[in-house]
Amino acid sequence: MTEKNYEPQAVEAAAQNYWTTTRAFEVIEDATRPKYFCLSMLPYPSGALHMGHVRNYTISDVISRYQRMLGKNVLQPMGWDAFGLPAENAAIARKTAPAKWTYSNIEHMRTQLQTMGYAIDWTREFATCNPDYYVHEQRMFTRLMQKGLVYRKNSIVNWDPVDQTVLANEQVIDGKGWRSGAVVEKREIPQWFLKITDYAQELLDGLDDLPGWPDSVKTMQRNWIGRSEGLDIQFAIEGEADPISVFTTRPDTLMGVSFLSVAAEHPLARKAALSQPEVAAFIEECRHGGTAEVDIEIQEKKGVETHFKAIHPITGETLPVWVANFVLMNYGTGAVMAVPGHDQRDWEFATKYDLLIRMVIVSVGVRDAVRELGRDAAGNKDSMSAALGESRAIDVVEPAGEVDMLDEFENNIITEGAYTEYGFLVNSGEYDGLNFRDSFDAIAARLESEGKGARRVNFRLRDWGVSRQRYWGCPIPVIYCANCEAVPVPDEQLPVVLPEDVEFTGVKSPIKADPEWRKTVCPQCGGPAERETDTFDTFMESSWYYARYTSPGASDMVDARANYWAPVDQYIGGIEHAILHLLYFRFYHKLMRDCGFFDSDEPAINLLCQGMVIADTFYREDVQGRKEWINPADVEIQRDEKGRVAGAVLKADGQPVAIGGTEKMAKSKNNGVDPESMVHKFGADTVRLFSMFAAPPDQSLEWNEAGVEGMSRFLKRLWRELHAHVSQPDHPAVNAAELDATQKTLRRQIHETINKVSDDFGRRLAFNTAIAALMELLNAVTKFDDMSDQGRAVRHEAFETIVLLLNPITPHICHALWQALGNAETLIENQPWPKADSAALVRDAVKLAVQVNGKLRGTIEMPISASKEDCERAALAEPSVVPHIEGQTIKKVVVVPGKIVNIVV
RNA sequence: GCCGAAGUGGCGGAACUGGUAGACGCGCCGGACUCAAAAUCCGGUUCUGGCGACAGAGUGCGAGUUCGAUUCUCGCCUUCGGCACCA
């Protein structure tokens, strides 16, 4: 080969054609070889590939190709998360069927993906909206019904009173429906739930066995599952048969309870509303607004008193019962005991409504001061001092406002906010002086013996509501019969197929609107019955898709092949999935394990959460102040002579545009960069190289076309330099014994680069620094102008190494260059990953930094064998160091071998 | 509001286990080649002062630990991700 110029389009077409015709990436199970399952989160077929996809699948492809070169049997599959809300919205906007829109998007995006040259086994591809896929999901659901892991209960949804439809949280903007603009209401409807809480403890414990997952994700999941130990306490209600049950993690504050708060949906609140118009009005007010947790958490805390009185379980005191808008019916028991002195939210609520605030916990310092004073809050001498005597200090944090707190204690008021730390009990009768743990035990024992409470482990995690009142999803396989209630659809009647050829207007799901579709007969009694018309949450499909890749065509979810491939060795996807998807994914694996499909407990060994792809935004404002967003591709940046950004103009008219900052690529800001046009302009290898170079994979990546041009320059230079090398006469093999110092230095850098890149790919997943090391090596080869036999031999070794190490990132150009280097085999054919030659890595001298008082003053070059004393002597004699230590007393010299000498004067 | 991250030159980032801050790339400045431009190649480029040798400052802000802190601890600020019906 003697091509002068690098032409990416031709190089890429040739390489891709070779891989396709040799079916290079189709894999089968092979028990004799170690497997490697490399998985990317499957894309939603939104219409066109975006840079986030490109980044995700390039990371996955680099890892896959690297593992392949290590000799693994690598499975890298691809599929489509094809059900979902955007298809319904597109269907309304374009007057087409959601299925049609989805399938055409898949066709287009598959073609786009294929131009990227990913090492994907396309024979395993599927779309989740295909009945061949979702039939298994339906069968799994009926299995889980039979196992008792599914139940139906009422649950709250966003209701648009104008469109008469359920809204997703995303469709609620500032408490109003996105299309109708009507104030959204909360409405209770029956929905199906999966008992993920049965697995809460295992999901929590399993995180400890996932060293390959980021700590941030594990922490978020732990907090989401939210295990807490506490007490269920029964508060009897005057004149009512049933008590209110509350859960608390702070039973030590029980004597500070001054009222109870219940959710607006709580049965007691409903009962109060029957006789009290103010309560009814408040509950009605609580029905407005969305159901999202963030809306509830940031809204103004409000409440209303009911006429009910609760009885304190220890003192027998009567306490008012309030309805409060911040108490969630679907968390805990829907009721909480309010301790304004020691809970900030209760404190604010009590301050607002002028309710009693009691101080029942003090810091150890205040306890000691009080003990010294020998009196309690009411001024009664001696009653405290005895009780405060024996407590052990645990988890006691000293607050800054110690003195204020003593004042507050003496006056029995809390003015500056709740004291929420653990401490010692006061004003708590027989429990005075106890610490958190001792008072917890004492109060728990008493309530348990009196039947008024019980220790309980509570989880923040709620069961998974899987019902959606939408059309474009997997039908829930349940039949309702007047005689038999909810009956699972029998296996032989599955799948329940979603009709695809429908009219979709957006007001009502076509299967809800069609009176015929739902009509059926009861599988149990044979009587007339109706099908469920709700569909599954699309997280259902994305919870088990990885499993289906292992067993294409299997008659059940998976077959015996699943245990060869599972668990996933490397999973890659966006950090936005850190909690929901990744928790359902882990949960579903355990469900499948318990159905006998898997031997493993967790679905994925290693997880990499990639950052977002961001880009500059530009805009112009019209006369009304509305922003018209301009795509970065249409803008030219202007700089001052120091290279700082001075402004930007629209290429079309040369007039200035405003710069709006760097944000996530999105249609709304028109700052998306189209991967297809980038590939057309620079080639897939350059796009892949830039997306791996510009940032480490877990950080956000700023798309910058000048940077892309830089990557293109690097590949062109590699092409040119390598072809210049192969045009030289043949050279002998490298003879390590014959090399001169310069040749040895280059050869050492070659082998250091092998180690660096191997570590970056295999352990660190730091592709950006691997590329930087390869650029440094090419820079060194370019400067190396030795045309001797051994010089050419070392240069050849350098080029072979660069091509092999770069192959996972830019496989097309490496495919061509490998052949240009005169190799008979193509690179893809089991070409092994290079190993560093330890003899080539040996250094005989090392540079040490010399500091005086921690400030760098010079460097010394020392033989590798030099002793600490030698280093110290050389450092003290170093000319650039001497002026800084002259006339000073040397207190200490720290010598860190191979690194630094620090002289302290 | 709660949970989790991030913050380093003009810009993207590097410094992996507490040990020479700024690798690599972009941009910019200067030069070579060219009639000229593009492309390419060579050199410089944290800031301040100085012709210079050099000196001082410097990793969001404020403290602390240490011979030594981008890295560890505490307290703030700002930005981003998630908050259960977007996927």
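The sequence lines fix the lettering, A, B, ..., with proteins before strands; numbering per chain opens at 1.
Using C1' as the reference atom, B/rG62 and B/rU78 are 15 Å apart when rounded to the nearest Å. Between the P atoms of B/rG58 and B/rG22, the separation comes to 16 Å (whole Å). Taking atom C1' in both B/rA69 and B/rA15, one finds a spacing of 13 Å when rounded to whole Å. Look at the C1' atom in both B/rG68 and B/rA5: the space between them is 29 Å, to the nearest Å. If you take atom P in B/rG4 and the same atom in B/rC76, they sit 14 Å apart, rounded to whole Å.
For A/Gly84 and A/Ile575, each mapped to the nucleotide of RNA chain B holding its nearest heavy atom, the one lying further toward the 5' end belongs to A/Ile575. Summary of the strand contacts: A/Val217 and A/Asp760 both lie near RNA chain B, and taking for each the nucleotide with the nearest heavy atom, the more 5' one is attributed to A/Val217.
Side-chain N/O atoms of A/Asn169 include one lying less than 4.0 angstrom from OP1 or OP2 on B/rA84. An OP1 or OP2 oxygen of B/rA87 is reached within less than 4.0 angstrom by a side-chain nitrogen or oxygen of A/Thr538. The shortest distance between the side-chain N/O atoms of A/His581 and the OP1/OP2 oxygens of B/rC86 is not below 4.0 Å. OP1 or OP2 of B/rC41 has at least one side-chain nitrogen or oxygen of A/Arg720 nearer than 4.0 Å.
Note: CG (A/Leu582) to P (B/rG82) measures 13 Å, nearest angstrom. Remark: C1' of B/rA5 and CD of A/Gln610 are 15 Å apart, rounded to the nearest angstrom. Atom CG in A/Leu701 sits roughly 11 Å away from atom C1' in B/rG13 (whole-Å rounding). Look at CD on A/Glu576: it is 17 Å from P on B/rA5, rounded to the nearest Å.
Taking the six-membered ring for Trp and the full ring otherwise, the centers of A/Phe693 and A/Phe767 sit at least 6.0 Å from each other. The ring of A/Tyr571 has its center no closer than 6.0 angstrom to the ring center of A/Trp213.
The pair A/Glu752-A/Arg843 meets the salt-bridge criterion, since a charged nitrogen lies less than 4.0 angstrom from a carboxylate oxygen. At a threshold of 4.0 Å, the pair A/Lys664-A/Glu576 does not count as salt-bridged, since none of the basic side-chain nitrogens sits closer than that to a carboxylate oxygen.
Counting heavy-atom neighbours within 6.0 Å of A/Lys512 NZ, excluding the residue itself, gives a total above 12.
Glycosidic conformation at B/rG4 (O4'-C1'-N9-C4 for purines, O4'-C1'-N1-C2 for pyrimidines): anti, more than 90° from 0.
Looking at every heavy atom in both residues, A/Ser180 comes nearest to A/Asp160 through OG-OD2, 2.6 Å.
Taking a pair as Watson-Crick or G-U wobble with both distances under 3.5 Å, the runs of three or more consecutive pairs in RNA chain B are B:1-7 with B:77-83, B:10-12 with B:24-26, B:27-32 with B:40-45, B:46-49 with B:54-57, B:60-64 with B:72-76.
Put simply, the side chain of A/Gln469 and the base of B/rC85 share a donor and an acceptor less than 3.5 Å apart.
Side-chain contact check for A/Tyr151 and A/Asp463: at least one donor-acceptor pair (N or O, by modelled atom type) lies under 3.5 Å.
Between A/Trp719 and A/His723, the two ring planes are tilted [angle within 30° to 60°].
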Can you build the contact string for nucleotides 19-29 of chain B? Use B for base contact, S for sugar-phosphate-only contact, and - for no protein heavy atom under 4.0 Å. BB--BBSSBSS
